[in-house]
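A short write-up of the structure that comes next.
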Amino acid sequence: MEMIQVAKPYFTDDDIDFITENTRDVLKSGMLMQGKWVREFEETFAAYCGVRYARAVNSGTSALISALNFFEIEGKEVLVPTNTFLASANAVIFAGGTPVFCDIVPETLLIDFDEIVRRTNEKTAGLVLVHQAGLIPPDLARIRDYCRDNNLFLLEDSAHAAGSSSAEGRAGGLGDASAFSMLATKIITAGGEGGMVTTNSEALAHRATSLRFHGEDHKRGIQDRVGYSWRMTEIQAIAGLTQVRRLDEIVSLRMSVAARYDEGFRDLESANALPLPEGCRNAYYKYPLILGDHLSRPDVKERLEKEFAVKSGTSYWPTCHLQPAYREKYGYAEGDFPKAEHTLNQTIALPMHCHLTEEEVDRVIAAVRAIAG
Ligand SMILES: Cc1ncc(COP(=O)(O)O)c(C=O)c1O
């Protein structure tokens with residue numbers, strides 16, 4: 001039985017031809033960076049998200065730090081859900097701030113609004129809002145109003161959510177800025193690595209441009225601030241461009257896999273899938289399934305792989321606050337965020353990518369039902 005993988009990028013033969021031909025031209029031209037392809041990728045991405053500016057960088061983490069640097073968070077606190085990949089919080093530290101974790105809503109795995117309110121104080125500068133697994137928070141309007149009324153910046157971490165949307169609009173245009181990852185496993189990839197900052201703020205876009213090129217601001221060779229080396233190459237941008245042009249198709253394919261899973265698990269009492277609120281499109285970076293308390297996540301994962309040749313992931317475990325680096329640095333401990341700890345310890349992420357066939361999805365459903373049923 002062939003192993004079903006959790007994630008796989010989607011490049012059609014046409015896209016591979018396009019990338020190959022144009023890569024050859026780029027290599028011959030000698031213009032390997034900061035050229036027309038990066039510009040076109042940025043313009044196409046900004047238009048897709050419905051914002052004025054997009055700036056390509058080398059990773060999602062750099063994209064987050066670019067925005068956080070602009071928000072000037074030195075000595076300040078930034079709220080981050082404890083359910084995210086650690087980079088969302090690490091970026092706050094790299095930009096000079098302190099991440100303050102928040103517990104989650106068990107049904108959606110997203111940040112709990114009451115926690116945002118509870119943990120806001122005079123030091124709080126803003127919020128990193130993670131569209132975890134691709135789902136845009138159903139209470140986004142309330143979160144946005146709260147941030148506006150309390151003078152907090154709202155930075156979307158859209159690493160999981162390229163192409164996701166809700167009644168409020170598309171990921172990338174829902175806050176003051178947004179950061180995307182284009183790592184190989186993400187919804188779209190710029191050839192294996194990459195990131196994008198999107199915003200309507202000209203000043204923020206300018207800051208991202210400066211930071212990615214060693215802090216150059218107005219004049220070539222003059223560094224006005226201490227910057228980084230975070231550029232995206234032309235070859236990466238060619239690959240990324242094919243992906244964003246195909247993003248609606250990619251999201252539709254992922255949504256049909258999710259719909260089949262939803263149907264397959266609808267009557268299963270021992271596991272719950274996430275809701276898809278009316279009018280939302282979810283890019284489903286992951287398909288999380290919350291297992292009943294009588295099941296052990298590690299056992300289920302092991303049996304899926306060994307007995308049924310199905311790989312699975314988590315979404316996320318351990319939570320950020322239980323990662324050794326954070327326990328040590330900030331003294332977090334078990335019991336600090338009970339809802340996240342309980343729910344995420346029971347959550348697995350099933351295979352989710354555009355190449356999955358209906359037979360493979362059915363194989364995954366049957367495997368889960370055999371173990372959890
Ligand atoms: C939620 C989230 N934020 C940020 C990142 C960081 O992106 P990158 O690995 O491209 O730096 C990732 C993934 O890696 C992520 O899953």
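Both ligands and their constituent atoms are indexed starting at 1 by order of listing.
Under a 4.0 Å N-O distance rule, the pair R39/E42 does not qualify as a salt bridge. Between D25 and K28, none of the side-chain N atoms (NZ, or NE/NH1/NH2) sits under 4.0 Å from a carboxylate O, so this pair counts as no salt bridge. Ion pairing between E249 and R246 holds under the 4.0 Å rule for side-chain N and carboxylate O. A salt bridge links E334 to R327: at least one charged side-chain nitrogen sits closer than 4.0 Å to a carboxylate oxygen. The pair R260-D362 counts as a salt bridge, with a side-chain nitrogen and a carboxylate oxygen less than 4.0 angstrom apart. Using a 4.0 Å cut-off between charged side-chain N and carboxylate O, R363 and E359 make no salt bridge.
Ring geometry for Y146 against F113 counts as perpendicular: the plane angle is over 60°, on a 0 to 90° scale with 30° as the lower cut.
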Walk me through whether E216 and R220 qualify under salt bridge (Lys or Arg N to Asp or Glu O under 4.0 Å). CA-CA 7 Å; E216 283 190 7; R220 208 57 195 263; 3.5 Å; yes
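Within the 6.0 Å centre-distance limit, the rings of F153 and F71 are counted as a close aromatic pair.
In K186, the part holding a heavy atom less than 4.0 Å from any atom of ligand 1 is the side chain. Neither the backbone nor the side chain of Q132 comes within contact range of ligand 1; no heavy atom lies under 4.0 Å. With a 4.0 Å heavy-atom cut-off, ligand 1 is reached by the backbone of T61 and by its side chain too.
When only non-hydrogen protein atoms are considered, atom 16 (O) of ligand 1 lies nearest to H160 NE2, 2.8 Å. Looking only at heavy atoms of the protein, atom 2 (C) of ligand 1 is closest to A159 CB, 3.4 Å. Atom 12 (C) of ligand 1 has its closest protein heavy atom at F85 CD2, 3.6 Å. Scanning the protein heavy atoms around atom 5 (C) of ligand 1, the nearest turns out to be A87 CB, 3.8 Å.
Within ligand 1, counting atoms from 1 as listed, the ones closer than 4.0 Å to a heavy atom of T84 are 1 (C). Of all the atoms in ligand 1, the ones that sit under 4.0 Å from a non-hydrogen atom of S181 are 7 (O), 8 (P), 10 (O). Within ligand 1, counting atoms from 1 as listed, the ones closer than 4.0 Å to a heavy atom of G60 are 7 (O), 8 (P), 10 (O), 11 (O). Close contacts between ligand 1 and S59 involve ligand atoms 10 (O), 11 (O) [criterion: under 4.0 Å to a heavy atom].
D157 and S88 are linked by a side-chain donor-acceptor pair at a separation below 3.5 angstrom, with hydrogens and angles left out of the test.
Using a non-hydrogen distance threshold of 4.0 Å, Y316 registers as a contact of ligand 1. Judged by the shortest distance from any of its heavy atoms, S88 lies inside the 4.0 Å radius around the atoms of ligand 1.
Not one N or O of L183 is nearer than 3.5 Å to an N or O of ligand 1, by distance alone. Checked by distance only, ligand 1 and Y285 stay at 3.5 Å or farther apart across all their nitrogen or oxygen atoms.
Of the candidates T185, N58, T189, D157, D157 brings a heavy atom nearest to atom 3 (N) of ligand 1.
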